[in-house]
S.K.: 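First the structure, then my questions, so here it is.
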Amino acid sequence: MFPEHNQPSIPNSQLDGRAIIFCAPSGSGKTTIVKHLLSIDHRLAFSVSACTRAQRANEEHGKDYYFLSHNDFKQRIANKEFLEYEEVYGGNFYGTLKTEIDRIWSLGKAVLFDVDVEGGLNIKTYFGNKALAVFVKPPSVEALEERLHFRSTETEETLRMRVDKAVHELVYENKFEHVLVNNVLDEALEEAERLVNEFLKR
Ligand code: 5GP
């Protein structure tokens with residue numbers, strides 16, 4: 001979903017107004033790539049999404065996500081507070097609050113997004129050539145399934161939902177200018193750094 005009104009204002013200095021979007025099926029390793037970029041590049045700040053799924057033990061409210069109740073999320077949809085939002089997995093909503101983007105731009109930084117494939121394409125459409133959109137691809141569906149098992153954050157049912165959605169999302173690969181195959185992690189991290197550096201120099 002991509003509400004049309006009340007978009008954040010687009011500032012015009014070099015880094016603010018810029019957006020870097022990493023999209024991938026769950027389990028492709030994009031969060032690892034995003035965390036790596038944030039740890040080495042202080043020109044970037046993470047867009048903390050809002051979501052309605054349960055908080056995991058290692059997650060912090062306001063850092064990993066803003067964990068909202070379904071009612072709160074729905075109220076914010078009605079108030080047009082989201083740049084985009086999706087019902088990503090069976091009944092759970094995830095979305096980007098416009099205030100989050102304004103917060104990061106006001107720091108003079110570029111916004112780094114970790115979102116699902118449809119959300120990423122919507123954000124790319126909105127920001128146009130002010131945005132870099134990268135599709136992170138697992139070497140295979142089997143590898144992705146193995147990573148999700150290894151992560152141990154899912155039940156059999158939610159793991160199956162994530163794998164099914166991944167198979168659907170892999171079809172979108174050709175809509176992205178940049179596809180990053182996450183086979184050997186070190187190489188994927190290096191390639192991600194290169195793409196970001198090139199984009200921020202433009
Ligand atoms: P997880 O539950 O594993 O943290 O995230 C599930 C999926 O939702 C991931 O693919 C993640 O990138 C995506 N996601 C996180 N935040 C957003 C958001 O703000 N908008 C959209 N469309 N997807 C999001």
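Counting starts at 1 for both ligands and their atoms, following the listed order.
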S.K.: Which protein non-hydrogen atom lies closest to atom 20 (N) of ligand 1, naming both residue and atom, and how far is it?
M.R.: Glu84 OE2, 2.7 Å

S.K.: Taking a cutoff of less than 4.0 Å between a non-hydrogen atom of the residue and any ligand atom, is Tyr85 in contact with ligand 1?
M.R.: no

S.K.: To which protein heavy atom is atom 5 (O) of ligand 1 closest, and what is the distance rounded to 0.1 Å?
M.R.: Tyr65 OH, 3.2 Å

S.K.: When you measure from atom 11 (C) of ligand 1 to each heavy atom in Lys30, Glu87, Glu169, which option holds the nearest one?
M.R.: Lys30

S.K.: Going by the order shown, which atoms of ligand 1 are within less than 4.0 Å of some heavy atom of Arg53?
M.R.: 1 (P), 2 (O), 4 (O)

S.K.: Out of Asp116, Leu148, Thr153, indicate the one that has the non-hydrogen atom closest to atom 21 (C) of ligand 1.
M.R.: Asp116

S.K.: Flag the pair Phe73 / Asn92 as yes when at least one side-chain heavy-atom distance between them is below 4.5 Å, and no otherwise.
M.R.: no

S.K.: Given Arg18, which partner from the list Phe127, Trp105, Phe199 fulfils the side chain to side chain contact (heavy atoms under 4.5 Å, CB included) test?
M.R.: Phe199

S.K.: So is Asp114 polar-close to ligand 1, meaning N/O to N/O under 3.5 Å?
M.R.: yes

S.K.: Which pairs count as salt bridge (Lys or Arg N to Asp or Glu O under 4.0 Å) when at least one residue sits in residues 139-148, sequence neighbours excluded?
M.R.: Glu145-Arg160

S.K.: Does any pair with a residue in residues 133-162 pass ring pair (Phe, Tyr, Trp, His ring centres under 6.0 Å), and if so which ones, sequence neighbours excluded?
M.R.: Phe135-Phe176

S.K.: If you draw the axis of the six-membered ring of Phe67, does the NZ or CZ of Arg53 fall within 45° of it and under 6.0 Å from the ring centre?
M.R.: no

S.K.: Tell me whether Asn129 at atom CG has more than 12 heavy atoms from other residues, nucleotides or ligands lying less than 6.0 Å away.
M.R.: no

S.K.: List every atom of ligand 1 that sits less than 4.0 Å from any heavy atom of Arg56, numbering the atoms from 1 in the order shown and giving each element.
M.R.: 1 (P), 2 (O), 3 (O)

S.K.: So do the side chains of Phe22 and Asp114 get within less than 4.5 Å of each other, counting heavy atoms only?
M.R.: no

S.K.: Considering heavy atoms of the protein only, find what lies nearest to atom 3 (O) of ligand 1 and give residue, atom and distance to 0.1 Å.
M.R.: Arg162 NH1, 2.8 Å

S.K.: Contact between Glu154 and ligand 1, counting heavy atoms under 4.0 Å?
M.R.: no

S.K.: Val134 versus Cys23: any side-chain heavy-atom pair under 4.5 Å?
M.R.: no

S.K.: Around atom NZ of Lys124, are there more than 12 heavy atoms of other residues, nucleotides or ligands at under 6.0 Å?
M.R.: yes

S.K.: Only heavy atoms of Thr96, strictly under 4.0 Å: list the atoms of ligand 1 that pass.
M.R.: 19 (O)

S.K.: May I ask you to say whether Glu154 pairs ionically with Arg162, meaning some side-chain N is under 4.0 Å from a carboxylate O?
M.R.: yes

S.K.: How far is atom 16 (N) of ligand 1 from its nearest protein heavy atom, and which residue and atom is that?
M.R.: Ser49 OG, 2.9 Å

S.K.: Who's closest to atom 14 (N) of ligand 1 heavy-atom-wise, of Tyr66, Tyr94, Phe113?
M.R.: Tyr94

S.K.: Just so I know, are the side chains of Ile20 and Leu200 near enough to count as touching, which here means a heavy-atom distance under 4.5 Å?
M.R.: yes

S.K.: Which one holds for Val115 and ligand 1: side chain close, backbone close, both close, or neither close, with close meaning a heavy atom under 4.0 Å?
M.R.: both

S.K.: Test of understanding: given a 4.0 Å heavy-atom threshold, classify the contact between Glu59 and ligand 1 as side chain, backbone, both, or neither.
M.R.: neither

S.K.: I'd like to check which ligand 1 atoms, numbered from 1 as shown, lie under 4.0 Å from a non-hydrogen atom of Glu86.
M.R.: 22 (N)

S.K.: Considering distance alone, does some N or O of Ser26 sit under 3.5 Å from an N or O of ligand 1?
M.R.: no

S.K.: Would one find an N or O of Ala50, backbone or side chain, under 3.5 Å from an N or O of ligand 1?
M.R.: no

